[in-house]
Amino acid sequence: MSFFQPPTQLFESWGMGHDLAFVISTVVCILAICLPVMLSVAMVIYVDRKIWAAMALRRGPNVVGPFGLLQSFADGLKVFLQETIIPTAANKGLFLIGPIVTFTVALLAWAVVPFNSNAILANINVGLLYILAISSLGVYGTIMAGWASNSKYPFFSAMRASAQMISYEVSIGFILICVVLWAGSFNMDVIVQAQKAHVFHFFNGFAFNPLLFPMWVMFLISGMAETQRAPFDLTEAESELVAGYQTEYSSMAFALFWLGEYGNVLLMCALNATLFWGGYLPPFEIHALYAVPGIIWLLLKIGFGFFVFSWVKATVPRYRYDQLMRLGWKVFLPVSLLFVFLVSGWLMATGHFA
Amino acid sequence: MIQLLAFYLFATLVIVSGLSTILARNPVHSVLWLILAFFNAAGLMVLVGAEFIAMLLVIVYVGAVAVLFLFVVMMLDVDFATLRAGFVQNAPLGLLIAVVLVAELLLGTGAVHSGALVLGTADAATAAPQNLSNTAAIGALLYGRYLFLFETAGIILTVAMIGAIVLTHRKRGDVRSQNISQQNARRPQDATVNLKPGVGQGVEL
């Protein structure tokens, strides 16, 4: 395991011991990732509402600040000042831990996202497995909230959410195996570098590869199901479940669910960009494009991914629950298994592993 | 120093959450403590350099097995009075099992300490490959030396899964299930008709 080194050396040069320098530099790096992520979550909520409004021929938030830019911060201040209500029948400890788990897990996975070549907080060998492990933790926040609320509708919603997340994690696993086979590593940085000049020595990105393009489409849809975004937001189907697993929540605990949900959506967009669209690499292998810093490319790709998520939310009607399960188990699982077979067969036939 | 602190943190939490698993009164709390124990065990695995096993532990046990535990426990309508009623009755059996386990543990360690047993050591065939990541090393062994055992385990699991599905699946006659491909293949002209009935005349469909 090698961690991002330069800040450690910088702090050491100021006369600190190695351990102290390591701890401080790691904390600084974590803050340098988490604070912008939280800020962009606030902005992304505004962007989502604006895009949704534009597609519905409305104006969206336009009162607070110029163009309504400060709307999310006003909402944040509002929930912060509200009273936290804990139902008397609720299991108090778990009721409060639930939203914290959801929010923390949404931030944890950013540790292995490469922002530029070598700009990665934890450059571990098993980066992609780490992401799978963390995303499998996300379900606990929802289950805890649903159960601890001690109320019927949140419980139904938690059941739905966990069944949905487990189902789509299976196909996501197989899709990621295709990517890993082609890249030859679980390390996120190696996966990005493997996409350099991948197709015709010109296109940077696995999504340009005809064998992996269908995998990208499935990953996008599975990502929407995994983050419980529309059209798979059955956990928040207001006509059936009041408001889903956060029905009993108020104030900051409610806001943490909201932030965690958008944090997960952003993470899915980042994974999409990193695994299929070349991450911090420019889309085409043209020397002049490398003049733009890698993080700008990554942010552009994440932004485009989020636009697609919003676009789908604004235009596609909600799935029914049995259709959702059918799509996950009867369509995505067999097709992704077939593609694991096809991709590995192609790689063996062309001598990729030789 | 950091490793030492991390070890004591993880080890303490494993023991505390393991104890809490059996001491918690609410079964849902028990499962959640168990999950914390799994998670900290994964942390210990990372400390000894087995990052692949650590991630698998979290993905398989925390991500899948424990969720199913939690499902079952939450769905059960637990009556605490009946749970505790069996305690006194079953206590001798539990104690007996505990004594047997402790005796076995003492026998095992005693045999090793007396020198009667020699623990297996890494031979040339299993020598740890240098400059190879954890994942690649396990893969090389699993798909090379232990290929037959690995495939056999896979077949056994598949058979078990199919068996469980066959045993529990029942066809219900009283539900109207959908045939999605049939629905998708349906054309508008099969489903709708355009009619121009005259004034005052009914329509025969």
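Just so you know, these numbers come straight off a predicted model, no measurement behind them. Just so it is clear: chains get the letters A, B, ... in the order the sequence lines come, proteins before strands, and each one is counted from 1.
- With chain B as the partner, the residue from K330(A), R320(A), M144(A), M165(A) showing the most heavy-atom pairs under 4.5 Å is R320(A).
- Relative orientation of the F52(B) and F186(A) rings is tilted, given thresholds of 30° and 60° on the angle between their planes.
- Between the CG atom in D322(A) and the CD1 atom in I180(B) there is a gap of 6.5 Å [rounded to 0.5 Å].
- By the 6.0 Å contact criterion, CZ on F69(B) is open, its count of non-hydrogen atoms from other residues, nucleotides or ligands being 12 or less.
- In this structure, no portion of A54(B) lies under 4.5 Å from any heavy atom of chain A.
- The distance from the CG atom of L129(A) to the OG1 atom of T135(B) is 6.5 Å, given to the nearest 0.5 Å.
- With hydrogens and angles disregarded, a donor-acceptor distance shorter than 3.5 Å links the side chain of Y140(A) to the backbone of V62(B).
- Residue L137(A) touches chain B through its side chain alone, counting heavy-atom pairs closer than 4.5 Å.
- N91(A) contributes atom CG, which lies 3.5 Å from atom NE2 of H29(B) (distance to the nearest 0.5 angstrom).
- In this structure, CG on N125(A) lies 5.0 Å from CD on E51(B), to the nearest 0.5 angstrom.
- For L57(B), no part lies near chain A; criterion is any non-hydrogen pair under 4.5 Å.
- Surrounding CH2 of W33(B) are at most 12 heavy atoms belonging to other residues, nucleotides or ligands under 6.0 Å away.
- Contacts between I166(A) and chain B at a heavy-atom distance below 4.5 Å involve the side chain alone, from C-beta outward.
- The local environment of CG in N194(B) is sparse, with at most 12 non-hydrogen atoms from other residues, nucleotides or ligands closer than 6.0 Å.
- Around atom CZ of F71(B), more than 12 heavy atoms belonging to other residues, nucleotides or ligands sit under 6.0 Å away.
- In this structure, Q182(B) places its CD atom where only 12 or fewer heavy-atom neighbours from other residues, nucleotides or ligands lie under 6.0 Å away.
- Of the two parts of N187(A), neither the backbone nor the side chain holds a non-hydrogen atom closer than 4.5 Å to a non-hydrogen atom of chain B.
- Using a 4.5 Å cut-off between heavy atoms, M159(A) touches chain B through backbone and side chain atoms alike.
- Within the 4.5 angstrom heavy-atom criterion, only side-chain atoms of L94(A), from C-beta onward, approach chain B.
- To the nearest 0.5 Å, atom OG1 of residue T26(A) and atom CD1 of residue I2(B) are 7.0 Å apart.
- Looking at V28(B), the atoms closer than 4.5 Å to chain A (heavy atoms on both sides) all sit in the side chain, from C-beta outward.
- Within the 4.5 angstrom heavy-atom criterion, only side-chain atoms of L70(B), from C-beta onward, approach chain A.
- To the nearest 0.5 Å, atom CG of residue N26(B) and atom CH2 of residue W147(A) are 4.0 Å apart.
- Surrounding CZ of F257(A) are more than 12 heavy atoms belonging to other residues, nucleotides or ligands, all under 6.0 Å away.
- With a 6.0 Å radius and a threshold of 12 heavy atoms from other residues, nucleotides or ligands, F38(B) has its CZ atom above the threshold.
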